[in-house]
Amino acid sequence: MKTINFYQLAKEGVQNLQAYEPGKPIAEVEREYGVFNAIKLASNENPRGPSPSVVAAIQAALPHLSRYPDGNGYELKRVLADKHQVGMQQITLGNGSSEVLAFIARVFVGAQDAIMYSRYSFASYSLIAQICNAKSIVVPDQGWTHNLNAILTAITPKTRVIYVDNPNNPTGTWLSSKALWQFLNAVPQDVIVVIDEAYIEYVGDIDTPDCSRWLDDFPNLVIARTFSKVYGLASLRVGYALSNPAIADLLNRVREPFNVNSLALAAAHAALKDVVHLEESVEMNRQGMQFLCAKLDELNLAYIPSATNFLTFDLEQPSLPIYEALMRKGVITRPLSSYDMTNYMRVSVGLPEENQQFIKALTEVLSAQRRVEVSTV
Ligand SMILES: *Cc1c(COP(=O)(O)O)cnc(C)c1O
């Protein structure tokens with residue numbers, strides 16, 4: 001029998017694709033490292049979990065699992081339209097915001113077209129480009145954040161979509177309102193600009209815009225939002241895009257019919273109503289961030305100031321071995337080698353006791369290393 005090389009049959013972009021590498025799940029680390037009660041500070045989830053009203057809403061939805069979900073997500077869209085002061089026809093629901101980010105490319109980007117994004121921004125953008133066989137134009141950063149002027153200069157006639165995450169993952173940096181406004185003004189209107197606002201709820205009084213307020217000013221603007229971070233619903237996979245109605249209509253055409261399941265719809269709807277849970281989560285994050293910054297200062301480790309629920313810091317040595325040593329102590333973080341930031345580690349702000357456990361483990365790992373260095377001199 002002839003053996004067929006299926007890799008060669010795959011589209012060119014997919015042949016070279018390396019799948020997205022998520023943070024390690026707790027159960028996997030416990031299994032592989034023989035540790036118990038591991039804590040995960042690797043994926044920027046809400047360590048408090050979702051609002052209790054979310055759990056109640058899911059329970060109330062359970063008896064109806066045999067029915068298809070509402071394919072239009074009417075109830076959730078109604079609350080979202082109210083929250084953002086937009087029409088329901090401006091909303092596209094996704095199986096996580098990752099899915100709506102991909103819809104945008106599915107609608108607007110053909111093979112040989114170009115997608116633009118910054119170096120050191122969210123890993124999904126490059127995967128999306130590869131899957132469409134599109135060209136990636138990766139624009140060098142400026143101090144760990146988007147260099148908006150460089151992006152403008154690099155736009156070509158082939159550029160269809162620009163992805164800008166603000167605040168930026170994995171660095172935590174943000175763009176000022178003025179800079180982003182001027183950028184949006186300068187981008188040609190036939191280029192779609194996606195502002196991915198996965199962490200926008202955490203920014204507090206930092207000067208960075210909620211771009212959903214600018215939808216009327218820029219018809220080519222698409223906002224991506226998620227329930228995976230501050231709302232604590234990462235496992236349910238629900239996010240959405242806000243855009244002008246024509247773009248939303250196109251995005252909805254490429255959606256699978258029931259892409260958001262009924263438990264996710266009910267949970268997101270309930271989550272939006274619990275403003276207190278959100279505010280408490282943001283406040284706990286603010287305090288945890290302060291704690292982590294102070295402790296990294298004590299350890300003489302430089303970090304990138306962050307507007308989010310994670311902190312990226314410089315270990316001044318490859319982060320991978322430190323990441324593994326931390327896992328042996330039951331603490332899961334994110335080494336940034338896959339982002340070409342070999343010496344950097346990203347840690348999510350956890351519960352107060354988790355932050356302490358992380359600092360304790362990191363201190364132990366680094367001082368054990370120093371002892372080895374001293375004894376081998
Ligand atoms: C976490 C994250 C998302 C959200 O992903 P979901 O698919 O909604 O879970 C989107 N963009 C960025 C930059 C993120 O960090």
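Atoms within each ligand, like the ligands themselves, are counted from 1 in listed order. For reference, positions follow the sequence shown, starting with 1.
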Inset, instruction - Look at Asp249 together with Arg253 and state whether they make a salt bridge at an N to O cut-off of under 4.0 Å. - result: yes
Legend entry - Test item: Val161 and Val193 side chains (from C-beta on) under 4.5 Å apart, heavy atoms: no
Legend entry - Under 4.0 Å from ligand 1 - residues by heavy atom, chain and number: Gly96, Ser97, Ser98, Phe122, Asp165, Asn169, Asp196, Ala198, Tyr199, Thr226, Ser228, Lys229, Arg237
Inset, instruction - Show which residues join Tyr68 in its hydrophobic cluster (side-chain heavy-atom contacts under 4.5 Å, direct or indirect), or state none. - result: Phe258
Inset, instruction - List in chain and number order the residues that pass salt bridge (charged side-chain N to carboxylate O under 4.0 Å, His left out) with Arg160, two or more places apart in sequence or in another chain; answer none if no residue qualifies. - result: Asp113
Inset, instruction - Sequence neighbours left out, what pairs pass side-chain hydrogen bond (donor to acceptor under 3.5 Å, both in side chains) with at least one residue falling in residues 258-270? - result: Glu99-Asn259, Arg255-Asn259
Inset, instruction - Classify the ring geometry between Trp181 and Phe218 as parallel (under 30°), tilted (30 to 60°) or perpendicular (over 60°). - result: perpendicular
